[in-house]
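Note on naming: letters A, B, ... go to the chains in the order of the sequence lines (proteins, then strands), and numbering restarts at 1 for each one. Nothing here was measured: the structure is a model prediction, and the numbers come from that model.
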Amino acid sequence: MGERSEQVITLSLPSSMQHVYLLDVVVSEILKEMDFGEDIQEQINLAVIEAGTNAIKHGNKEDLGKKATFQFILAEDRLTIVIEDEGEGFARQTVADPLDPENLLKSSGRGLFLMEACMDSVTYEAKGTIIKMVKYKETPDP
Amino acid sequence: MGERSEQVITLSLPSSMQHVYLLDVVVSEILKEMDFGEDIQEQINLAVIEAGTNAIKHGNKEDLGKKATFQFILAEDRLTIVIEDEGEGFARQTVADPLDPENLLKSSGRGLFLMEACMDSVTYEAKGTIIKMVKYKETPDP
Amino acid sequence: MQVNLRNKGSITILDIAGQVIGTDALALKRIIDEQVQVADNHTEHGEDLNLILNLERVQMMDSSGLGVLVAAHTSVRRNNGQVVLLNLGGNVRSLIVMAKLMTIFDCYDSEAEAIAGIMKS
Amino acid sequence: MQVNLRNKGSITILDIAGQVIGTDALALKRIIDEQVQVADNHTEHGEDLNLILNLERVQMMDSSGLGVLVAAHTSVRRNNGQVVLLNLGGNVRSLIVMAKLMTIFDCYDSEAEAIAGIMKS
Ligand SMILES: Nc1ncnc2c1ncn2[C@@H]1O[C@H](COP(=O)(O)OP(=O)(O)O)[C@@H](O)[C@H]1O
Ligand SMILES: Nc1ncnc2c1ncn2[C@@H]1O[C@H](COP(=O)(O)OP(=O)(O)O)[C@@H](O)[C@H]1O
């Protein structure tokens with residue numbers, strides 16, 4: 001359902017943190033076009049900023065010659081966002097749990113957790129250089 | 001000069017007029033990042049909207065399966081914007097002059113004229129399916 | 001884009017705000033066409049259509065927006081009325097100047113002057 | 001992001017507005033570090049550093065912004081002071097709740113309460 005009306009918007013950025021704001025306005029405008037509620041919009045925005053920041057910083061190590069690419073796949077019932085970097089990837093399971101009391105006072109390590117908390121599904125592909133996130137308009141059928 | 005610090009941002013859109021607003025926010029944010037004056041920002045914004053509208057409407061005939069692609073090449077001294085559509089192109093010289101008194105009361109035909117008026121250079125490539133526009137930060141050296 | 005319609009006597013005032021580009025230009029054209037339609041139906045009773053387009057809060061306009069202004073001018077003239085422009089901001093003004101359309105539109109900086117201008121002609 | 005610094009007695013209040021993400025989070029960290037630095041230099045004279053972060057006008061915060069709050073908490077504690085949060089909007093509050101950081105920060109809804117809270121401890 002909705003496959004036929006899928007629209008794909010692609011944004012590709014040089015790996016500089018200065019462009020995170022551009023990413024933010026693109027996501028905000030796409031979410032305005034779709035019919036997500038305001039709270040959901042903020043969650044998606046946050047997840048994309050986290051994933052974009054990771055792609056630029058950890059993946060591409062802010063090498064301006066490397067690109068972070070964002071695909072927004074707009075369907076009637078959901079938004080799928082695919083983030084790809086040109087880095088070496090990482091293993092999700094090796095990342096420490098930021099909610100573990102011994103990690104609570106660390107100043108980093110909450111990005112993946114927040115992404116996963118904000119989206120309906122987050123999957124890691126191609127060794128972690130591709131992250132696919134989905135948010136449904138309403139709770140998906142069981 | 002400035003070649004080494006060139007950054008390329010790419011946006012690709014399905015050919016629906018609804019996405020023209022996304023194009024507008026992207027351009028606005030890029031212009032904010034660069035150091036163009038406010039008036040110049042408005043001129044560039046207008047030129048990109050005109051070119052984007054033409055690519056979507058005249059080039060791709062609002063076929064959602066076809067993409068309009070925008071490359072923003074940020075250099076220290078200038079912004080280059082390359083707009084590409086998947087249409088059949090057109091010959092610039094066959095388009096009537098909108099300033100000709102007999103055309104003044106026509107409700108269309110002013111897009112290319114405004115693009116050319118707002119940018120420092122506009123060139124048509126690949127039969128008119130690729131338009132390259134340049135705006136310098138200051139008047140280019142003679 | 002937001003459009004607010006008001007009447008001052010026989011004059012219809014459109015307060016237009018936001019961006020008049022793309023699909024919004026089309027929407028504005030539809031609103032104006034509707035006014036023309038209404039006037040057409042009343043013309044037998046001798047009513048003219050006069051429009052003031054208040055562009056004060058228009059942030060951006062492109063060639064399709066400009067095309068809507070020109071089309072409005074043409075169709076309203078056919079109804080023995082006129083379209084005048086109110087409160088042109090810098091952007092819109094330079095757009096109209098560039099397109100050499102200053103000769104076609106009377107432009108005013110206050111609503112009272114715009115109304116007086118229409119009454120005189 | 002805009003940050004405004006004010007002093008109320010020995011308490012420093014940072015009114016933060018806009019987006020605390022990306023490079024702006026870094027900028028905020030630098031501003032707070034500077035305050036810590038200044039306090040460090042004064043500590044010999046027995047001055048503590050107490051910070052109120054007024055987040056009322058923060059539109060968005062990401063994990064790096066959150067990291068700055070936590071880092072501020074840690075370095076200010078080292079100076080015998082505390083960081084308290086003022087006027088958490090819905091977004092920021094749910095971010096802090098999600099990250100289980102409510103136990104670390106005292107949060108207040110008015111400046112007077114925040115100041116009283118610091119004075120008491
Ligand atoms: N795109 C990526 N490429 C490589 N490593 C990544 C990527 N995303 C996340 N990581 C790794 O996962 C760790 C945790 O990421 P995250 O939860 O976002 O916290 P933080 O970015 O604050 O470290 C990072 O420190 C990094 O080692
Ligand atoms: N990307 C394009 N592909 C095909 N034809 C185009 C393209 N851009 C412009 N044209 C042609 O040039 C004409 C003039 O364009 P323009 O000056 O923008 O005015 P308008 O779009 O109002 O017709 C169009 O009507 C169209 O025939």
Side-chain angles (χ1 to χ4, degrees), chain B residues 13-28 31 37-58 60 62 64 68 83 95-119 122, chain C residues 1-2 17-33 36 51 53 55 57-79 81-83 85 88-107:
Chain B
L13 300 173
S15 296
S16 157
M17 283 301 291
Q18 104 190 84
H19 297 311
V20 163
Y21 303 94
L22 180 58
L23 180 58
D24 183 53
V25 299
V26 168
V27 178
S28 300
L31 295 175
E38 212 172 291
D39 282 2
I40 309 278
Q41 289 193 23
E42 275 147 13
Q43 290 168 18
I44 300 174
N45 240 314
L46 177 60
V48 181
I49 295 295
E50 297 293 348
T53 300
N54 281 351
I56 289 170
K57 266 211 226 166
H58 301 305
N60 294 341
E62 302 191 56
L64 285 177
I83 299 101
V95 176
D97 178 3
L99 300 190
D100 194 318
E102 75 179 21
N103 296 328
L104 270 192
L105 289 179
K106 290 191 179 155
S107 65
S108 68
R110 295 180 180 86
L112 298 175
F113 163 74
L114 288 176
M115 275 163 50
E116 292 166 358
C118 288
M119 301 297 284
V122 177
Chain C
M1 184 191 65
Q2 296 91 44
Q19 293 174 304
V20 188
I21 64 177
T23 52
D24 280 315
L26 256 181
L28 178 60
K29 182 168 163 40
R30 233 173 277 128
I31 291 170
I32 294 176
D33 284 349
V36 173
L51 286 185
L53 304 183
L55 305 175
R57 301 206 294 133
V58 170
Q59 288 148 6
M60 187 184 185
M61 187 180 278
D62 69 356
S63 70
S64 36
L66 215 48
V68 173
L69 302 191
V70 174
H73 167 84
T74 309
S75 60
V76 166
R77 274 280 276 273
R78 232 182 282 123
N79 276 321
Q82 58 175 319
V83 174
L85 307 182
L88 301 185
N91 288 344
V92 180
R93 183 178 296 274
S94 58
L95 198 66
I96 291 174
V97 169
M98 270 200 283
K100 295 212 190 296
L101 293 172
M102 275 319 235
T103 53
I104 290 178
F105 295 105
D106 288 337
C107 302

Contact part of C:L101 toward chain B, heavy-atom cut-off under 4.5 Å: side chain, backbone, both or neither?
->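 Interface part for C:L101: side chain.
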Contact part of C:M60 toward chain B, heavy-atom cut-off under 4.5 Å: side chain, backbone, both or neither?
->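 For C:M60, the side chain is the part near chain B, not the backbone.
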For residues B:L105 and C:V70, report the shortest heavy-atom separation together with the two atoms involved.
->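 Smallest interatomic distance, heavy atoms only, reads O-CG1, 3.3 Å.
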Measure across C:G22 and B:M17 and return the closest heavy-atom pair with its distance rounded to 0.1 Å.
->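 Looking at all heavy atoms of both residues, the shortest contact is CA-CE, 3.4 Å.
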Below 3.5 Å only, please: all the donor-acceptor pairs between chain C and chain B, one per line.
from: C:Q19; atom 1: NE2; to: B:D24; atom 2: OD2; distance (Å): 2.4
from: C:I21; atom 1: O; to: B:Y21; atom 2: OH; distance (Å): 3.1
from: C:T23; atom 1: OG1; to: B:Y21; atom 2: OH; distance (Å): 3.1
from: C:D24; atom 1: N; to: B:Y21; atom 2: OH; distance (Å): 3.1
from: C:D24; atom 1: OD2; to: B:Y21; atom 2: OH; distance (Å): 2.7
from: C:S63; atom 1: N; to: B:E50; atom 2: OE2; distance (Å): 2.5
from: C:S63; atom 1: OG; to: B:E50; atom 2: OE1; distance (Å): 2.6
from: C:S63; atom 1: OG; to: B:E50; atom 2: OE2; distance (Å): 3.2

Which bit of B:L114 comes within less than 4.5 Å of chain C, counting heavy atoms only: side chain, backbone, both or neither?
->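 Only the side chain of B:L114 comes within 4.5 Å of chain C.
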What residues, two or more places apart in sequence or in another chain, satisfy side-chain contact (heavy atoms from CB on, under 4.5 Å) together with B:A47?
->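 B:A47 satisfies side-chain contact (heavy atoms from CB on, under 4.5 Å) with B:M115, B:C118, B:M119, B:M133 only.
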